[in-house]
Participant: 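Okay, here's the structure, questions in a sec.
Quick note on labels: first sequence line is chain A, next is B, and so on, each numbered from 1.
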Protein chains: 2
Amino acid sequence: MSDLLERLRERGWRMTSQRRVIAEVLDGDHVHLTADEVHVRATRRLPEISRATVYNTLGELVSLGEVIEVSTDGRAKRYDPNAHRPHQHLVCSGCGTVRDVHPTGNPVADLPAEERFGFTVSEAEITYRGLCPSCT
Amino acid sequence: MSDLLERLRERGWRMTSQRRVIAEVLDGDHVHLTADEVHVRATRRLPEISRATVYNTLGELVSLGEVIEVSTDGRAKRYDPNAHRPHQHLVCSGCGTVRDVHPTGNPVADLPAEERFGFTVSEAEITYRGLCPSCT
DNA sequence: TTAGATGCAAAGCGTTTGCACCCCC
DNA sequence: GGGGGTGCAAACGCTTTGCATCTAA
């Protein structure tokens, strides 16, 4: 069953067949799909679903805080449903594979006041880069 | 004088008036211009310079390793000439402004072996997000 | 002399938007 | 029934590219 879907229902999110399919496609661990990949997968279950709806819905899930937007490079953004637990990304420079890794400390707290330049720092995003086993 | 320009000359980079102007515009600390901003500034010194040349040249500087590409969300990429010294970025979620901050430790070393999934981790990119003084 | 850099314009890609229609609550 | 969601297509912002022309070495 879809945890994401369940959470959205609990939050009173208006449900439609399109939104259900998108939530189901996104649900799971180590899922980092592009909007287009979401659309392709969603189309397999619901052929009439439009790209616009996929984009609108993903944008809404992001502002609801249920999905995280990950820009791996200059390419298409990826969408990560694992928003309920803080984590970081390990990206393979060879094939682009993304793995979730879990934090060992609080990076935000590690930025000393004199390095903040008056900014109100709310989060730190850490991306580790290297080669995965198959690309080594 | 322009350190970037000097380094490029030493590397035998073919010099033209366009490339000189671009290198001069980029040179300095805490410089994080978009391609368009580079083009606007370059045009002040060399009115005929084209956008294509700015994009081509920036791309080349990036592959030469003299400039770092910083993608801040869905906005235009920014170009950071401070590639010779390791540093991190503090990005304003309001206006997209970027500041350089300097590392306090070795983030790569902080990723424990059991979180590496067989990857050979070579670098860690840390991006702090928050609101700058004018956007607070 | 000539490989390579430039300018122009058009195309490309990912994403957003305006609007008429449709449907969940 | 009404407010919101959906689909379509066109527009959008940023970036890349094809090609003829120029220029640094």
Participant: Can you tell me how far CG of D29(B) sits from CZ of R99(B), rounded to the nearest 0.5 angstrom?
Facilitator: 10.0 Å
Participant: Would you name the heavy atoms of T34(B) and Y79(B) that are closest together and state the gap between them?
Facilitator: C-CD1, 4.4 Å
Participant: Whether Q18(A) contacts dC23(C) is assessed here as follows: a side-chain N or O lying under 4.0 Å from the phosphate OP1 or OP2. Is that the case?
Facilitator: no
Participant: In whole angstrom, give the distance that lies between atom CD of E60(B) and atom P of dT6(C).
Facilitator: 8 Å
Participant: Using only heavy-atom distances, determine whether the side chains of D80(A) and H87(A) contain a donor-acceptor pair under 3.5 Å.
Facilitator: yes
Participant: Rounded off to whole Å, could you give me the NE2-to-P distance for the H39(B) and dT16(D) pair?
Facilitator: 15 Å
Participant: How far apart are the C-alpha atoms of N82(B) and H32(B), what are their side-chain angles, what is the distance that settles it, and do they pass the side chain to side chain donor-acceptor pair (under 3.5 Å) test?
Facilitator: CA-CA 9 Å; N82(B) 194 10; H32(B) 307 93; over 6 Å; no
Participant: As a test of reading the structure: which of dC14(D), dA9(C), dG7(D) is closest to the side chain of A52(B), going by heavy atoms?
Facilitator: dA9(C)
Participant: Are any of R19(B)'s side-chain N or O atoms less than 4.0 Å away from OP1 or OP2 of dA5(C)?
Facilitator: yes
Participant: Mind calculating the distance between CD1 (I49(B)) and P (dC22(D)) to the nearest angstrom?
Facilitator: 18 Å
Participant: I'd like to know if R14(B) reaches the base of dT23(D) with its side chain such that a donor and an acceptor end up less than 3.5 angstrom apart.
Facilitator: yes
Participant: I want to check one thing: is the phosphate of dG7(C), taken as OP1 and OP2, less than 4.0 Å away from some side-chain N or O of T53(B)?
Facilitator: yes
Participant: Measure the distance from CZ on R51(A) to P on dC12(D) and round it to the nearest whole Å.
Facilitator: 20 Å
Participant: Round to the nearest Å and state the distance from D36(A) atom CG to dT15(C) atom P.
Facilitator: 9 Å
Participant: If each of M15(B) and N56(A) is mapped to the nucleotide of DNA chain D with the nearest heavy atom, which maps nearer the 5' terminus, i.e. the 5' end?
Facilitator: N56(A)
Participant: Taking CG from L33(B) and P from dC14(D), how many angstroms apart are they, rounded to a whole number?
Facilitator: 14 Å
Participant: Between A35(B) and S17(A), who's closer to the 5' end of DNA chain D by nearest nucleotide?
Facilitator: S17(A)
Participant: Could you tell me whether the side chains of W13(B) and E66(B) share a donor-acceptor contact shorter than 3.5 Å?
Facilitator: no
Participant: Less than 4.0 angstrom between a side-chain N/O of T57(B) and OP1 or OP2 of dA5(C), yes or no?
Facilitator: no
Participant: Is any side-chain nitrogen or oxygen of Y55(B) closer than 4.0 Å to OP1 or OP2 of dT15(D)?
Facilitator: yes
Participant: Using atom CG of L8(B) as one end and atom C1' of dA24(D) as the other, report the distance to the nearest whole Å.
Facilitator: 16 Å
Participant: Between T16(B) and dT6(C), does any side-chain N or O lie under 4.0 Å from OP1 or OP2?
Facilitator: yes
Participant: Could you check how far NZ of K77(B) sits from C1' of dT15(D), rounded to whole Å?
Facilitator: 7 Å
